[in-house]
Amino acid sequence: MLSILADTMFFPPERSTVAGSVDGLFDFIYYLSLFFFVLIIGFMIYFVLKYYQRDGHTEAPSPSHNETLEITWSVIPSILVGVIFFFGFTEYLNMREAPENAYEIQVVASKWNWVFKYPNGAESGDLHIPVDRDVKFLLQSQDVLHSFYIPAFRIKMDCVPQRYTWTWVRATHTTGSGLDESSHEPLRLFCAEYCGQQHSIMHRKVFVHETADFDQWVEKAANILENNTPEEAGKILFGRKGCAQCHSVDGDNSAKYPGPPLNGQWGTERQVTPRGSSSPITVTMDENYVRQSIRQPNSEIVVGRKPGMTVFTPQLLKDEEITAIIAYLKSIK
Amino acid sequence: MSTITPETQIDSGHNDDPSSNYLTSSSGFMSWAFTLDHKRIGVMYLVGIFAAFFLGGVLALLLRLHLMVPNGLFGDWVSLDSYNQLFTLHGAVMTFLFIIPSIPAALGNFVLPLMVGAKDVAFPRMNLASFHLWVFGAIFFLIALVTTGLDTGWTFYTPYSIETQTNVVAATIGAFILGFSSIFTGLNFIVTVNTMRPPGMTWFKMPLFMWAIYATAIIQILATPVLGITLLLLMGERILGIGIFDPSMGGDPVLFQHFFWFYSHPAVYIMILPAMGIISELMSVYSRKPIFGYTFIAYSSIAIALLGFLVWGHHMFVSGQSPMSAVIFSGLTFSVSIPSAIKVFNWTATMYKGNINLATPMCYALSFLFLFTIGGLTGLFLGALATDVHLHDTYFVVAHFHYVMMGGTVIAFVGGLYHWWPKMFGVMYNETFGRLFCAVVFFGFNLTFLPQFVMGSRGMPRRYATYVEEYQIYHVLSTIGALTLGIGMVGAIAVLVISLFKGRKAPANPWGAATLEWTCTSPPPYYNFEHAPHVDSPYDYSDLKYDARIGGYVKDPNAPKKSSSDHH
């Protein structure tokens with residue numbers, strides 16, 4: 001009876017390979033604690049009932065110490081906590097050591113957002129993983145401490161700024177079938193380290209897919225060009241490819257951004273210095289100017305700026321993606 | 001410092017009328033605010049600490065009410081921001097203003113010099129300075145409260161505490177000053193115990209409360225400076241941008257956690273050790289039996305104090321510290337559980353063949369045993385690495401430390417207060433109501449925090465202003481419990497306050513305790529003892545006899561002469 005109570009009362013469902021052994025250790029400690037609790041409180045109640053102060057009852061002499069007894073009740077708990085310690089750390093080492101060839105997902109936490117990046121370039125706001133496959137999460141934070149916590153998997157790890165941490169999981173059950181999210185019963189992902197104002201709403205859904213479904217999902221998620229208008233796709237790419245790190249889109253011309261601001265610039269003229277020349281020339285910001293600035297960024301430098309932008313080769317940025325970014329640049333005022 | 005004589009004390013205006021006591025020997029605001037009398041300082045600490053406890057308690061009730069429904073009971077009135085400020089202030093006020101100074105500064109100050117048969121602590125001026133620092137520190141906290149509100153959590157974790165717009169600097173100045181208050185108290189007690197014990201009181205004839213206070217004082221003077229340095233560095237980070245904790249300047253936010261917990265874990269033992277000392281006294285006195293295993297209890301206090309310095313890393317099992325350090329800290333953590341277990345077994349065994357007086361203090365002591373056992377055992381789940389990963393930063397942790405801190409320290413504090421109340425103020429309280437509110441507190445406490453274990457193990461993270469609906473039932477139970485607990489606590493304090501006006505006069509020794517503070521009158525005279533009291537075993541009750549005419553215990557002139565051997 002107690003074990004049913006313990007299983008249903010204390011835990012979310014077990015959905016990972018480690019969950020079973022974590023819960024097993026929990027149950028072991030639980031029963032051990034229950035035993036000692038009943039023992040101590042049982043004696044306490046028994047003594048109170050038997051020896052409470054009343055007429056005709058007085059205290060009776062008894063030894064005020066007993067080394068055998070005291071050493072016994074020091075040594076037995078020591079052995080028992082030793083056992084708990086052993087099982088606790090062996091399982092923990094397993095949890096900290098990701099298997100080789102695990103599927104790797106980058107997790108980027110920020111106030112108050114989670115971004116999950118998949119090896120094929122797909123990104124998502126909710127977490128999607130395949131079932132029955134080792135998945136390693138490489139955790140990063142862009143600002144303060146966050147903590148990546150999925151109760152059903154029994155995993156948790158802090159996301160620390162300027163440092164990588166990681167954890168891994170092998171999910172044992174899918175949350176549903178097909179790509180339609182409404183046919184899933186997703187698990188929960190929480191931020192477990194206090195991170196400011198919206199800490200308590202920094203939780204997301206976790207979808208566990210059949211392998212075939214997952215492959216389809218991640219392929220679709222990577223092809224943002226097909227699934228969005230060019231302007232929307234350009235905006236996503238502008239963020240994802242790092243353009244936003246150096247170019248503001250709100251007119252901020254300060255030194256915070258190494259590159260010039262890009263909003264409201266379309267069709268305007270600007271002074272640039274061609275490479276090898278000392279006198280600036282005037283150019284208009286049009287499709288070809290943008291294309292050249294991406295493919296050969298150091299060929300013409302805006303007056304007052306320094307060369308330093310990444311050279312985006314076709315491997316880094318496809319032609320269609322440039323087209324999408326151009327559409328986006330046209331749209332921002 | 002036994003060289004301190006009455007002449008060197010500058011307390012002015014007290015009279016030497018033999019019928020007066022420390023409460024009546026002088027009057028006026030200045031005679032209290034600048035007194036050097038340890039008893040008055042203890043009483044002032046008691047008032048200040050309970051004011052802080054009341055404030056922290058009101059904040060706690062607001063939190064619990066807010067959490068009745070998933071999106072907040074008060075609607076927009078308590079926003080995400082104000083919830084974050086509420087839980088921070090609840091934690092900071094309770095930790096720094098209430099629970100760390102509670103037992104040592106209030107009860108310890110009052111009782112310790114009496115227990116050693118002395119006139120005062122070793123450094124009375126430092127003792128007064130400690131209280132004044134506490135007041136200044138409290139004012140800084142309140143400034144942080146009424147200006148922009150602190151929202152970092154009481155832990156001040158970087159880098160959030162570096163970039164938040166709230167008034168972290170005011171709060172850290174407050175905590176810094178409070179740290180010195182704590183150091184002064186600890187230093188005083190160490191010197192007092194080392195140098196002022198009367199002839200005949202060897203180390204192993206000291207009452208166990210003294211052992212506990214002594215062990216606490218060691219932690220206070222060794223660990224608190226680290227907190228001071230850490231808070232100074234945090235201020236430097238915020239004001240000057242020194243870059244030690246700020247990752248964007250090459251600093252390490254995890255380093256802050258190491259510094260912080262190097263103090264704050266031992267601080268947990270600053271909170272619980274004095275409580276254990278009180279329970280050792282109560283269990284023995286109210287069972288009319290010598291404490292079982294005196295030596296083991298005394299050594300376990302020192303063991304806890306020392307081992308407590310080696311386990312701080314168990315707050316950081318998922319912080320990204322290396323697996324090797326996690327394993328080492330986990331092992332050390334289990335080692336500190338053994339001395340606590342020994343104490344619990346010894347307290348239980350003390351009742352064997354006793355004559356158990358179920359007076360209010362004993363009811364609190366029995367509550368303590370029940371609640372602290374739960375608090376201690378649930379620590380095993382958190383010390384074990386694999387289960388801690390799941391439970392870390394959930395309500396399971398919240399429930400665990402409330403069982404230890406509140407179910408342990410606060411319950412023992414209130415029990416000790418009821419025990420020494422007749423000595424402090426010379427009045428007896430109403431036993432029936434005392435027991436009744438003890439029962440209300442016990443019931444309310446369990447209803448508040450047992451559901452939190454369940455929702456924590458089911459994954460409810462802590463410090464959440466809103467939550468997903470599946471956890472609501474546990475939050476509702478917990479809130480009802482908290483309201484009950486609040487009523488119980490207010491009632492328990494009210495019983496004591498009412499006794500000041502209506503209580504019958506207390507005898508010198510109402511409980512039949514054998515420690516020295518019960519040999520002077522209740523309340524004690526200004527100079528505590530007319531003659532240096534005779535030191536006997538603190539737990540031998542054989543020569544005390546109940547005298548119904550005065551309602552207390554007196555020395556039995558016909559008692560057989562005590563054996564001179566050690567009592568253990």
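Below, all heavy atoms of this structure are taken into account, side chains as well, without hydrogens, waters or symmetry copies. Bear in mind that the values here come from a model prediction, so they are computed numbers and not experimental data. We name chains A, B, ... by the order of the sequence lines, and we start the count at 1 in each one.
In this structure, the portion of B:Q257 lying under 4.5 Å from any heavy atom of chain A is its side chain and not its backbone. Heavy atoms of B:L380 lying under 4.5 Å from chain A belong to its backbone as well as its side chain. Within the 4.5 angstrom heavy-atom criterion, only side-chain atoms of B:F396, from C-beta onward, approach chain A. Residue contact with chain A, scored on non-hydrogen atoms closer than 4.5 Å, involves the backbone and the side chain of B:L391 alike. Only the side chain of B:V344 comes within contact range of chain A, with at least one heavy atom under 4.5 Å from a heavy atom of that chain. At a 4.5 Å heavy-atom cutoff, the contact between B:F292 and chain A is made by backbone and side-chain atoms alike. With a 4.5 angstrom heavy-atom cutoff, B:P159 touches chain A via backbone and side-chain atoms both. No part of B:S335 comes within reach of chain A, as not one of its non-hydrogen atoms sits under 4.5 angstrom from that chain. Only the side chain of B:D252 comes within less than 4.5 Å of a heavy atom in chain A; its backbone stays farther off. For chain A, the nearby parts of B:I342 are the backbone and the side chain; heavy atoms of each come within less than 4.5 Å. Both the backbone and the side chain of A:I29 come within less than 4.5 Å of a heavy atom of chain B. For chain A, no part of B:S284 is nearby; none of its heavy atoms comes within less than 4.5 Å. Of the atoms belonging to A:L69, it is side-chain heavy atoms, and not backbone ones, that fall under 4.5 Å from chain B. In this structure, the portion of B:P253 lying under 4.5 Å from any heavy atom of chain A is its side chain and not its backbone. Interface remark: A:Y52 contributes backbone and side-chain atoms alike to the contact with chain B (heavy atom separation under 4.5 Å). Using a 4.5 Å cut-off between heavy atoms, A:S33 contacts chain B through both its backbone and its side chain. Within the 4.5 angstrom heavy-atom criterion, no atom of A:D23 approaches chain B.
The backbone N or O of A:F11 lies less than 3.5 Å from a partner atom in the side chain of B:R458, making a donor-acceptor pair.
Looking only at atom types and distance, the side chain of B:S79 has a donor-acceptor partner in the side chain of B:S82 under 3.5 Å away.
Note on ring orientation: taking the six-membered ring where Trp is involved, the planes of B:F256 and B:F245 are perpendicular (angle over 60°, cut-offs 30° and 60°).
If you tally non-hydrogen atom pairs under 4.5 Å between each of B:A384, B:G320, B:P323 and chain A, the highest count goes to B:P323. Put simply, of B:I374, B:N346, B:L358, B:T333, the one with the most heavy-atom pairs under 4.5 Å next to chain A is B:N346.
Results of the side-chain hydrogen bond (donor to acceptor under 3.5 Å, both in side chains) test with B:T164 over B:T152, B:N84, B:D151 single out B:D151 as the only residue that passes. The ring-ring contact (aromatic ring centres under 6.0 Å, His included) with A:Y194 is formed by just one residue from the set B:Y83, B:Y157, B:F87; it is B:F87. With A:C191 as the partner, the side-chain contact (heavy atoms from CB on, under 4.5 Å) test is satisfied by one option alone out of A:K111, A:H203, A:Q198, A:M202: A:M202.
Ring centroids of A:F26 and A:F10 are separated by less than 6.0 Å, placing the two rings close together. Ring to ring, B:F453 and B:Y403 are close: their centroids are under 6.0 angstrom apart.
Using a 4.0 Å cut-off between a side-chain N of Lys or Arg and a carboxylate O of Asp or Glu, B:E470 and A:R188 qualify as a salt bridge.
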Apply the test side-chain contact (heavy atoms from CB on, under 4.5 Å) to residues A:I76 and A:L80: give CA-CA distance (whole Å), side-chain angles for both, the deciding distance (0.1 Å), then the verdict.
CA-CA 6 Å; A:I76 290 178; A:L80 290 171; 4.1 Å; yes
